[in-house]
> 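Mind looking over this structure? Questions follow.
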Amino acid sequence: MALIVQKYGGTSVGSAERIKAVAERVKASVDAGNALVVVVSAMAKTTDGLVQLAHEVSENPSRREMDMLLSTGEQVTIALLSMALQHLGQPAISLTGAQVGIVTEPAHTRARILDIATERMKRHLAEGKVVVVAGFQGITNTADLEVTTLGRGGSDTSAVALAAALQADLCEIYTDVPGVLTTDPRLVETASLLAEITCDEMLELASLGAKVLHPRAVEIARNYGVQMVVRSSWSDEPGTKVIAPGIAPRSLQNLELGRPVDGVRFDLDQAKVALLRVEDRPGIAAHLFGVLARQQVNVDLIIQSIHDGNTNDIAFTVDRASLPRAEAVSTAFGPMLQQQRGDSLDQTEVMVDREIAKISIVGAGMIGRPGIAAQMFRTLADANINLQMISTSEVNVSCTIAKQDCDLAIATLCAQFEVDSSPAQTAIDPNWPAVRGVALDLKQARLAIRNVTDRPGMAAHIFQKLAAANISVDMIIQSQRSRSTHGVITRDIAFTVPQIDLAIARTLLEDISKELGGAEVAADSDIAKVSIVGMGMLGRPGVAAQMFEALANRNINIQMIATSEIRVSCVVSKSQGVDALQAIHQTFALGQVQKVEIPA
Ligand code: ASP
Ligand code: MG
């Protein structure tokens with residue numbers, strides 16, 4: 001007999017008919033010999049309706065009363081589903097978050113789960129009952145019973161947390177789509193269903209805006225090794241398996257407040273190549289990385305900084321064995337472009353640095369905690385370590401530093417985040433596709449601060465200020481080109497932030513610029529960010545090149561490039577975003593995975 005946690009989203013329980021259909025499905029699973037805990041959302045549109053009502057009676061309703069109000073939506077569904085089950089002759093009992101004992105932080109409307117009592121659920125399961133639990137809600141403690149909610153979309157998180165606490169065999173997330181798709185089907189007709197995806201890939205995609213799963217739910221699944229499947233409540237199709245890594249058991253206390261950083265990784269086998277003042281036009285990155293791929297050069301980090309006038313700086317790291325080939329290709333590149341143009345001036349400059357180390361912090365808990373990257377920069381700055389390249393995603397921050405600083409960097413970061421270090425991951429499953437999914441984010445803006453003094457602590461200073469304002473920063477890029485004015489070396493730092501945070505971020509940056517004596521601030525919200533995600537790109541040359549080439553073939557100019565281990569992101573102009581997404585989806589043949597019909 002297996003213990004299964006099933007979660008049904010709002011549309012799956014959107015009417016009496018649908019609730020009856022869900023009851024049938026639950027009963028069938030019990031009849032097949034399983035014990036079931038079922039987590040439900042509020043009926044479709046209920047929560048939105050309640051939010052609207054609140055705003056009709058008050059301009060600024062208190063967060064406590066919002067929780068009191070919104071938590072009622074799920075209470076309706078648990079009672080109805082239990083009745084429907086009982087009507088089918090299946091014993092069932094509904095429980096609110098308080099009745100289960102789901103204890104959260106006191107942060108109303110966005111609480112994280114701390115602890116889940118399992119005794120009562122286990123007792124009812126032993127009595128042969130299906131336990132129907134209200135998703136999205138908890139209480140602050142067992143004395144005051146103050147009701148909290150986890151934030152919109154939070155019932156996925158409730159379900160996976162219950163599965164972790166109960167050590168369930170499986171957590172099934174039922175929704176109105178057939179599973180996890182390769183990309184957004186509204187933008188790409190050929191979007192296909194994935195049979196499986198790893199938690200790490202899902203986290204990258206969820207943090208890029210893929211809506212099917214609440215990122216916090218994936219975070220818990222990854223940290224506690226919960227096996228999950230996402231499938232449609234309208235069919236019997238198997239859906240998408242979300243593969244959790246095998247992990248050492250960890251404490252269930254402070255479930256969602258576990259350490260935000262899982263580990264520190266380092267790689268001493270890398271060298272850095274930078275090309276300065278490369279022409280800024282479509283096809284350049286594709287050309288360069290295409291030649292490198294054909295030479296079997298294994299490129300890891302890539303960054304292309306904002307262009308300054310009409311040139312770009314492109315920097316990348318390669319494993320040391322590939323360096324001679326990478327260097328040869330790079331030195332030949334400028335003259336080759338010059339020959340193509342037929343002019344006499346080649347201003348490209350190549351810089352090679354053999355004495356570098358790459359150091360990364362990784363962990364699902366960084367999602368939604370913008371202070372973590374800043375904390376890493378601060379820790380390194382306090383140890384007087386200068387950052388060369390920075391490249392971030394929401395689950396990974398990597399920097400290159402001087403090789404001689406590596407031991408010190410590892411020691412201080414491990415102490416700061418209370419974790420162990422390990423060499424960078426290289427072993428991968430050869431069956432994993434290079435690219436699992438593609439995402440487009442049209443809600444980002446780009447900010448740049450130019451002429452920042454190049455000394456330890458600058459990045460820490462800037463990103464700590466932004467983190468204090470709770471602004472999540474993505475794609476941080478520090479330029480490779482340095483200027484020297486009156487003997488002071490300066491660099492540019494560019495990054496993306498959510499558009500809604502642009503005004504605040506810009507003001508903060510302008511303040512910093514004044515402090516620093518007038519560094520120039522530039523902002524652009526007319527951008528789109530396209531990303532590819534896949535564990536299989538680790539150690540496989542040519543994946544980024546193929547993405548760049550797809551863009552070049554459509555004559556799309558790449559404004560910024562940043563990579564993390566399993567993701568490559570490019571910033572292009574907003575008007576070309578959808579075109580870029582379609583081109584990339586096609587180039588990786590993702591439309592051939594398995595085509596799906598999306599219900600209206
Ligand atoms: N009912 C809540 C919402 O609409 C929680 C959920 O459905 O996941 O956000
Ligand atoms: Mg939902």
Side-chain angles (χ1 to χ4, degrees), residues 5-15 18-19 21-22 26 37-55 61 63-82 94-100 102 104-105 107-113 116 132-139 147-164 171-177 179-180 202-203 206-207 209-221 226 228-234 239 242 255-256 367-368:
V5 174
Q6 292 187 338
K7 180 257 169 177
Y8 292 90
T11 42
S12 297
V13 290
S15 64
R18 290 297 313 155
I19 290 174
V22 165
V26 172
V37 171
V38 181
V39 176
V40 287
S41 288
M43 292 168 74
K45 304 203 176 82
T46 302
T47 313
D48 287 338
L50 292 171
V51 171
Q52 200 185 329
L53 267 176
H55 289 287
R63 289 176 179 272
R64 179 189 186 275
E65 301 308 330
M66 278 311 269
D67 279 352
M68 193 62 98
L69 179 68
L70 298 196
S71 61
T72 61
E74 273 70 13
Q75 204 171 323
V76 171
T77 335
I78 51 171
L80 290 173
L81 179 57
S82 298
S94 63
L95 297 175
T96 62
Q99 287 173 314
V100 170
I102 300 176
T104 72
E105 313 171 283
H108 282 293
T109 74
R110 47 161 187 251
R112 286 179 193 263
I113 297 174
I116 298 181
V132 185
V133 179
F136 171 63
Q137 57 177 261
I139 41 162
V147 177
T148 49
T149 65
L150 310 184
R152 295 304 304 271
S155 45
D156 291 345
T157 296
S158 307
V160 181
L162 285 171
C171 181
E172 296 181 314
I173 305 283
Y174 283 96
T175 174
D176 53 355
V177 291
V180 182
M202 193 63 230
L203 269 171
S207 73
K211 294 262 154 33
V212 282
L213 277 177
H214 204 228
R216 278 163 57 189
V218 188
E219 177 182 334
I220 298 170
V226 175
M228 215 187 336
V229 60
V230 181
R231 51 192 295 202
S232 165
S233 63
W234 271 263
V242 184
L255 197 113
E256 271 202 277
I367 291 185

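First listed ligand is number 1; within each ligand, the first listed atom is number 1. Predicted, not measured: the structure shown is a model, and the values here were computed from it.
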> Is any side-chain heavy atom of Glu105 less than 4.5 Å from a side-chain heavy atom of Glu256?
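With C-beta onward as the side chain, the pair stays apart.
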> Is there side-chain contact between Phe136 and Leu70, with at least one heavy-atom pair below 4.5 Å?
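Yes, close enough: below the 4.5 Å cut-off.
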> State whether the shortest distance between N or O atoms of Ser41 and N or O atoms of ligand 1 falls below 3.5 angstrom.
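Among all N and O atoms of Ser41, at least one is under 3.5 Å from an N or O of ligand 1.
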> Is there a side-chain contact between Lys7 and Asp156, using heavy atoms and a 4.5 Å cut-off?
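Yes, at least one pair of side-chain atoms sits under 4.5 Å.
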> Yes or no: does Gly153 have any heavy atom under 4.0 Å from an atom of ligand 1?
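Distance cut 4.0 Å: Gly153 passes for ligand 1.
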> Measuring from atom 2 (C) of ligand 1, which candidate in Lys45, Met43, Glu74, Lys7 has the nearest non-hydrogen atom?
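Of the listed residues, Glu74 has the closest heavy atom.
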> Suppose the criterion is salt bridge (charged side-chain N to carboxylate O under 4.0 Å, His left out): which pairs have a residue in residues 67-78, not counting sequence neighbours?
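Listed once each, the pairs would be none.
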> Give the single entry among Ala44, Gly135, Ser155, Ala134 that approaches atom 8 (O) of ligand 1 most closely by any heavy atom.
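Comparing heavy atoms across Ala44, Gly135, Ser155, Ala134, the nearest one to atom 8 (O) of ligand 1 lies in Ser155.
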> Table please: side-chain donor-acceptor pairs of residues 43-55 below 3.5 Å, with sequence neighbours left out.
residue, atom, partner, partner atom, Å
Thr46, OG1, Met43, O, 2.6
Asp48, OD1, Arg152, NH1, 3.2
Asp48, OD1, Arg152, NH2, 3.0

> Short list, please: which atoms of ligand 1 are under 4.0 Å from a heavy atom of Arg152?
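Within the 4.0 Å cut-off of Arg152, ligand 1 contributes 3 (C), 4 (O), 9 (O).
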> Contact between Gly73 and ligand 1, counting heavy atoms under 4.0 Å?
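Judged by the 4.0 Å heavy-atom criterion, Gly73 does not count as contacting ligand 1.
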> With a 4.0 Å cut-off on heavy atoms, does His214 reach ligand 1?
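So His214 does not count as touching ligand 1.
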> Evaluate the side-chain proximity of Tyr8 to Thr77: yes if any heavy-atom separation is below 4.5 Å, no if none is.
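They are not in contact (no side-chain heavy atoms under 4.5 Å apart), so the answer is no.
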